[in-house]
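When a ligand or atom number is given, it counts from 1 through the structure's own listing order. When reading the values below, keep in mind they use all heavy atoms of this one structure, side chains included, and skip hydrogens, waters and symmetry mates. Count residues from 1 along the sequence. All values reported here derive from a predicted model rather than from experimental measurement.
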Amino acid sequence: MVTVIESISEMREFIKQVKLQNKRVGFVPTMGALHEGHLTLMREAQSVSDIVVASIFVNPTQFGPNEDYDAYPRTWQEDITACQRAGVDVVFRPRVVDMYPEGWGTWISVEQVTEKLCGQTRPGHFRGVATVVTKLFNIVQPDKAFFGQKDAQQVVVLMKMVRDLNMNVEIVMVPIVRDEDGLAKSSRNTYLTADQRTAALVLSCSLAFAQQLVRQGQRDVDFIRNEVQGKIGAEPLANVEYVEIYSFPELQEVRTVSGKVLLAVAVKFGATRLIDNIILEAKE
Ligand code: PAJ
C-alpha cells in the first residue's frame, strides 16, 4: 500500500528512518495529473532504488500571473492509484501554506541556461522550478532524482543547479514518452480540442523529419531550423513560439550539428502551449 505524507516534518522523519537503514532513495517530483510519462519515471526510479518517493505539488511559484495555475488539472484519486501501480512507496503531498508560509522569501536563481527557450516567454518560471526542487530535495534527500527529457531545459537547469551548489543528488534524465501517434504525453494535452490534437501531431512529425535530415548528412543548423519552422508554420492551427537548436546540455549557440544538439519547439494551439524536443546527434 502506498503511504501518503502531507506534513514536511513527517516526511523528514520517514526519510531519517530510511537513511538509518542505508536504503537508497529515488525521487520523482511531479505536479500530478499523472500520465504514462510520469509513471515511466516512477518505474525507472523503482528499478534502481530501495525506496521511491513521488511528490505531487502544483507549485504556484513557477506559474506566471496569466498562466494556468488555477486551471491546472488536479486528479488526486486517479494519481494515488497510478502511483501505487508504478511501485511508489510514499507520495509526498505538501500544502502550499507549508511550502510557502507567511514571510517566506528565498529564491534559487540559475543563470545563463534560463534566459533562452522557455525562459524568454515564461520569465520567473525556472526560478520557481529551481526553488521548489531545492526545497523538495532538502526535505526528501534523495540519492537520485528522475526528470523527463520532455522538459529538457528543466533538466539542464537542475543539473547545473546541482553542480553549482554541490547538492548531493544525481539527476537522471528519462526519454520522452509519447502517445502511439507521436504526440508527447502532457498533462496539458487534456486542454486540446479534437482538431487541435490532430494538428499538434505536426510537432513530433517535424522533429522526426529533422532527425531524418541529420541522418542523411545535413549539418546546417539554420537549414534544419527553417525546415522545421516551415513545417509547423504550415499548420493553420499552430502558432509557433520558438524553434531553436542549441548544444546539449550546455545550451550554447551552434551553427552546425556536431555532438549532441537539442532541437526544441514551443507552439500554441489556441490557448494551449505545447513543448516538444529531440536530441540530434551527428554520427560521423
Ligand atoms: P510535471 O509537469 O508534472 O512533470 C513531472 C515530471 O514528468 C518532469 O520531470 C517531466 O519532464 C516529466 N514528464 C512529463 N511528461 C513527460 C513525458 N511525456 N515523457 C517523459 N517525462 C515526462 O515538471 C514538473 O512537473 C515541475 O516543473 C516539477 C519538476 C515537479 C517542479 O514543480
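- Atom numbering of ligand 1 starts at 1 in the shown order; those under 4.0 Å from a heavy atom of Lys185 are 15 (N), 16 (C), 17 (C), 18 (N).
- At a heavy-atom cutoff of 4.0 Å, ligand 1 is contacted by both the backbone and the side chain of Asp151.
- Hydrophobic clustering keeps Phe248 apart from Leu213 (ILVMFWY residues linked when any side-chain heavy atoms are closer than 4.5 Å, directly or through intermediates).
- Remark: distances from the non-hydrogen atoms of Thr40 to ligand 1 are all 4.0 Å or more.
- Of all the atoms in ligand 1, the ones that sit under 4.0 Å from a non-hydrogen atom of His38 are 1 (P), 3 (O), 4 (O), 5 (C), 6 (C), 7 (O).
- Summarising the contacts of atom 32 (O) of ligand 1 with Met42, Gln62, Met31, the nearest heavy atom is found in Gln62.
- Judged purely by distance below 3.5 Å, without hydrogens or angles, the side chains of Thr81 and Gln84 never pair a donor atom with an acceptor atom.
- Assignment of His35 to the shell around ligand 1 is supported, since a heavy atom sits closer than 4.0 Å.
- For Lys23, the side-chain contact (heavy atoms from CB on, under 4.5 Å) partners two or more places apart in sequence, or in a different chain, are Val18, Gln21, Asp50, Ile51.
- Close to ligand 1: Pro175, with a non-hydrogen atom less than 4.0 angstrom away.
- Short contacts between ligand 1 and Thr30, defined as distances under 4.0 Å to a heavy atom of the residue, involve ligand atoms 3 (O), 5 (C), 30 (C).
- Among Gln120, Lys268, Arg122, Arg273, the single residue meeting the side-chain hydrogen bond (donor to acceptor under 3.5 Å, both in side chains) criterion with Glu241 is Arg273.
- The pair Lys185-Glu36 fails the salt-bridge criterion, with no side-chain N (NZ, NE, NH1 or NH2) lying under 4.0 Å from an Asp/Glu carboxylate O.
- The distance from ligand 1 to the heavy atoms of Leu41 drops below 4.0 Å at these ligand atoms: 6 (C), 7 (O), 9 (O), 12 (C).
- A cation-pi contact, defined as under 6.0 Å to the ring centre and within 45° of the axis, links Arg74 to Tyr69.
- Among residues two or more places apart in sequence or in another chain, the side-chain hydrogen bond (donor to acceptor under 3.5 Å, both in side chains) test is passed with Thr198 by none.
- For Lys135 and Tyr100, the positive end sits near the middle of the six-membered ring, less than 6.0 Å away and at most 45° from its axis.
- At a 4.0 Å heavy-atom cut-off, ligand 1 does not touch Gln149 at all.
- Taking every heavy atom of Val177 and a limit of under 4.0 angstrom, the matching atoms of ligand 1 come to 17 (C), 18 (N), 19 (N), 20 (C).
- By the 3.5 Å distance cut-off applied to N or O atoms, Lys150 is not counted among the residues near ligand 1.
- Taking the six-membered ring where the residue is Trp, the centroids of Phe92 and Phe27 are separated by 6.0 Å or more.
- With a 4.0 Å heavy-atom cut-off, ligand 1 is reached by no atom of Val28.
- For a threshold of 3.5 Å applied to N or O pairs, the pair formed by Ile176 and ligand 1 contains no separation below that value.
- Taking every heavy atom of Pro29 and a limit of under 4.0 angstrom, the matching atoms of ligand 1 come to 5 (C), 6 (C), 30 (C).
- Atoms of ligand 1 lying under 4.0 Å from at least one heavy atom of Phe147, given by number and element, are 9 (O), 29 (C).
- Residue contacts with ligand 1 for Gln154 involve side-chain atoms from C-beta outward but no N, CA, C or O (heavy atoms, distance under 4.0 Å).
- Heavy-atom contacts of Val132 reach the following atoms of ligand 1: 31 (C), 32 (O) (cutoff under 4.0 Å).
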